[in-house]
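To keep things clear, I will list the structure first and then write my remarks on it.
Residues: numbered from 1 along the sequence shown. Computed from a prediction, not measured in an experiment: that's the story for all the values here.
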Amino acid sequence: MFKKFLTILCIITACTAPVFAVPANGNKMVKVGISDAKFQNYYFTKTVVSATDRFRLIDKSTNSLVSEFDADTKVKIEIKDNLFTVSQEDDSILAKNLAGPIVVESANGYVTVADLKRAGKPAYYRGVFEITKVPKKDNQFNVINILDVESYLKGVVPNEMPVRFGLEALKAQAVLARNYVLKPRERNYHNFDVCDSVACQVYYGANTEQELSDRAVFETEDIVAMNEGELILALYSSTAGGYTESFENAFSTDLSNGTRLFPGAPKPYLKGVPDKKDIPVLSDEKAAREFYTTEPKTFDNASPYFRWKKEWEKTELENILKKTLKTQSAAGFVYPKFTNPEDFGSLKDIKVSRRGVSGKAMCVDIYTDKGKFSVQKELPIRRAFQKNNISLPSANVVFDFVTEKPDSVNKHAKPVTKIVARGGGFGHGVGMSQYGAGEMAKQGYGYEDIIQHYFTNTAITTFPVELSNKTGKDTASQIFYTKEKKAFLVVENKFQFTKLTIVLNGKELRVEMIPSLFGCEKFDISKYIKKGENKITYILPYSDLHKKPVRMYVEIREAANEQ
């Protein structure tokens with residue numbers, strides 16, 4: 001981002017008129033796909049809905065009321081011939097041949113899927129349900145929870161991170177979860193933005209909300225993490241093991257022709273970082289082995305997955321690999337392609353032939369008496385080396401062949417060959433380590449420090465707003481919290497406008513800018529910032545130059561230098 005530091009030319013006056021009634025969250029809404037009890041299925045032919053207070057069903061295709069119901073009434077919705085039927089619990093039909101979507105809403109209660117539980121509690125949801133037909137799938141529908149982003153986050157944060165990790169860690173989680181839902185890594189769903197499981201980020205709804213995590217969401221309202229003026233892809237995992245990994249070394253890039261390239265395309269803010277500066281790059285076998293077979297002091301030590309060990313007898317692992325290599329071949333990350341278990345032979349050796357900066361295995365070569373099979377990318381590697389049908393906790397792993405001598409009592413026993421995998425971390429290890437965030441919070445770091453430790457050259461800002469002279473689009477308001485009396489107004493000035501008005505904590509500031517075709521202009525507004533809650537309203541004066549949108553935001557923590 002091209003940054004220009006200019007003086008604000010302003011007239012400071014008391015703001016006597018009411019400031020514009022624009023919702024602080026900008027009405028950003030999210031559509032969440034609700035899965036079954038096992039988080040495995042998002043496609044249904046029937047469901048039973050209810051609510052904790054009086055509720056109603058609406059056929060959205062005609063915007064007509066289907067019926068109203070008392071609290072806790074169970075209502076069945078089915079699909080046949082691609083049309084919906086609504087009936088009561090006793091199967092008496094209330095309406096049929098509805099085109100849908102069917103909206104379930106309760107003005108004063110939570111909507112729910114009957115008998116669905118999350119974290120051992122009835123699954124209650126803010127917002128509304130929308131029962132929507134699945135494109136190109138006959139007689140199937142999704143159950144979609146539609147609600148504003150901030151309410152959604154209340155059902156995410158305490159389920160993605162233990163509340164005992166503390167307020168600042170929860171705030172970091174809230175910011176990253178907000179980034180994730182506004183900019184997910186992949187959009188794999190036709191009808192909804194994100195799913196409710198670990199495949200996206202865990203969302204259990206209103207019945208799992210907790211006071212401290214609610215506070216974390218509230219005190220980071222509208223706050224996001226950005227790199228060069230764009231929302232970052234906010235990845236996180238349970239435990240990095242003391243060293244996070246660069247994005248390209250763990251993820252592939254999917255091309256439009258169906259090809260999957262690995263390593264993937266790098267992201268400048270997702271670079272592997274050690275918890276301590278004296279930890280060297282772990283890309284060679286010796287450094288990785290020394291790090292993951294010992295317990296150096298890092299932010300992740302408290303995790304039960306900081307260091308781990310898995311063991312197989314040779315025959316056991318051979319049988320596992322015969323199955324998993326075939327499965328991972330289908331995903332395109334086993335070379336040569338493995339389809340026939342008879343082609344495996346007898347296992348001879350396992351070597352990690354390529355590692356990332358954190359020591360994460362990027363390519364594992366499996367040697368047998370019939371040849372070599374190479375597995376690439378952290379997730380296929382973890383899935384290849386299963387134990388009791390469970391994948392490796394992470395790909396931060398070193399392998400050893402160990403021969404155990406027979407018990408001296410049994411002289412006829414033969415030596416037993418075991419394969420031992422030792423490693424550290426749980427998950428992909430890219431971006432924020434959640435256990436690491438918890439330890440950083442415990443040590444007194446703020447959420448901004450936590451995010452900037454794990455994400456290189458990343459700024460903490462309000463969510464960018466876009467203004468134009470279209471009706472209702474020329475003003476916007478935001479509330480944000482900060483512990484530091486320092487902030488900058490950042491304005492993208494590519495359309496060469498010269499004037500902007502902001503109202504910041506009751507002070508009207510008239511900003512004059514120098515037209516620029518490139519980059520952004522950046523203004524120091526620190527003298528008007530308060531510790532705690534701040535309110536800013538952006539006002540775009542009418543001009544023929546403002547037909548196109550103008551983008552702006554408040555930067556409350558500048559990007560840290562490259563690590």
Side-chain angles (χ1 to χ4, degrees), residues 30-35 38-39 117-121 123-126 145 147-186 192-221 223-225 231-241 244 250 270 299-300 302-305 393-394 425-442 445 447-448 450-451 453-455 460:
V30 59
K31 295 183 176 182
V32 189
I34 303 301
S35 60
K38 295 182 178 180
F39 298 99
K117 291 188 176 183
R118 293 291 190 249
K121 303 175 182 179
Y124 297 151
Y125 296 94
R126 297 178 182 273
N145 183 203
L147 72 169
D148 69 275
V149 167
E150 301 303 310
S151 295
Y152 161 76
L153 292 174
K154 292 179 180 179
V156 169
V157 174
N159 298 301
E160 276 290 353
M161 174 178 282
V163 173
R164 60 182 169 82
F165 281 10
L167 181 61
E168 294 303 312
L170 292 167
K171 285 183 178 181
Q173 181 67 71
V175 172
L176 298 182
R178 185 178 293 109
N179 263 69
Y180 187 92
V181 71
L182 295 173
K183 186 179 180 177
R185 186 169 72 88
E186 296 177 338
F192 47 92
D193 303 312
V194 290
C195 63
D196 63 350
S197 73
V198 293
C200 298
Q201 54 187 6
V202 177
Y203 169 63
Y204 285 174
N207 214 16
T208 59
E209 295 172 7
Q210 297 194 42
E211 183 178 352
L212 192 63
S213 53
D214 281 359
R215 179 182 168 188
V217 172
F218 178 73
E219 292 187 5
T220 62
E221 181 178 338
I223 299 298
V224 293
L231 268 68
I232 68 169
L233 174 61
L235 298 182
Y236 53 89
S237 59
S238 164
T239 310
T244 65
L270 282 173
F299 293 134
D300 277 331
S303 170
Y305 287 99
S394 81
F426 187 87
H428 52 67
V430 177
M432 186 181 77
S433 171
Q434 292 169 309
Y435 266 90
E439 179 60 27
M440 290 185 72
K442 184 179 177 181
Y445 291 94
Y447 81 90
E448 304 96 334
I450 295 170
I451 291 173
H453 168 67
Y454 289 110
F455 297 89
I460 311 300

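- Applying the salt bridge (Lys or Arg N to Asp or Glu O under 4.0 Å) rule to pairs touching residues 153-165 yields nothing, sequence neighbours excluded.
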Could you tabulate the donor-acceptor pairs under 3.5 Å formed by side-chain atoms of residues 166-176, not counting sequence neighbours?
from: Glu168; atom 1: OE1; to: Tyr447; atom 2: N; distance (Å): 2.8
from: Glu168; atom 1: OE1; to: Lys483; atom 2: NZ; distance (Å): 3.3
from: Lys171; atom 1: NZ; to: Glu219; atom 2: OE1; distance (Å): 2.9
from: Gln173; atom 1: OE1; to: Gln434; atom 2: NE2; distance (Å): 2.8

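- The two residues Ser303 and Thr239 make their nearest non-hydrogen contact at OG-OG1, 2.7 Å.
- Enclosure of atom OH in Tyr445 is not indicated, since only 12 or fewer non-hydrogen atoms of other residues, nucleotides or ligands lie within 6.0 angstrom.
- The minimum heavy-atom distance linking Ile451 with Ala225 is given by the pair CG2-CB, 4.2 Å.
- Summarising the geometry, atom CZ belonging to Phe299 is positioned 12.5 Å from atom NZ belonging to Lys442; distances are rounded to the nearest 0.5 Å.
- With rounding to the nearest 0.5 Å, the separation of NE2 in His428 from OG in Ser394 is 11.5 Å.
- When each of Tyr125, Phe192, Tyr180 is paired with Tyr203, the ring pair (Phe, Tyr, Trp, His ring centres under 6.0 Å) condition holds for Tyr125 and for no other.
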**Message:** Is there a side-chain contact (heavy atoms from CB on, under 4.5 Å) between Met432 and Met440? Walk through the geometry before answering.
**Reply:** CA-CA 11 Å; Met432 186 181 77; Met440 290 185 72; over 6 Å; no
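- Across all non-hydrogen atoms, the minimal contact from Gln201 to Ala177 is NE2-O, 3.1 Å.
- Looking only at distances, a side-chain donor or acceptor of Asn179 sits under 3.5 Å from a matching main-chain atom of Ile232.
- Of all heavy-atom pairs between Gly241 and Asp300, the closest is N-OD2, 2.9 Å.
- In terms of heavy atoms, Ser433 sits closest to Ala240 at OG-N, 3.2 Å.
- Separating the CZ atom in Arg126 from the CG atom in Asn207 is a distance of 10.5 Å, to the nearest 0.5 Å.
- Between Glu439 atom CD and Ile450 atom CD1 the span is 10.5 Å, to the nearest 0.5 Å.
- In this structure, Ser151 OG and Glu209 CD are separated by 7.5 Å, a value rounded to the nearest 0.5 Å.
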**Request:** Start with the C-alpha gap between Arg178 and Ile223, add the side-chain angles, then the distance that decides, and say whether side-chain contact (heavy atoms from CB on, under 4.5 Å) holds.
**Result:** CA-CA 8 Å; Arg178 185 178 293 109; Ile223 299 298; 4.3 Å; yes
**Request:** With side-chain contact (heavy atoms from CB on, under 4.5 Å) as the test, would you mind laying out the steps for Val32 and Leu147 before giving the verdict?
**Result:** CA-CA 8 Å; Val32 189; Leu147 72 169; 4.2 Å; yes
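- With values rounded to the nearest 0.5 angstrom, Asp196 atom CG is found 9.0 Å from Asn145 atom CG.
- Checked against ring pair (Phe, Tyr, Trp, His ring centres under 6.0 Å), Phe426 has the following partners two or more places apart in sequence or in another chain: Tyr305.
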**Request:** List the steps, then state whether side-chain contact (heavy atoms from CB on, under 4.5 Å) holds for Tyr204 with Lys121.
**Result:** CA-CA 9 Å; Tyr204 285 174; Lys121 303 175 182 179; over 6 Å; no
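- Closest non-hydrogen pair, Tyr435 versus Pro304, comes out as OH-CD, 3.5 Å.
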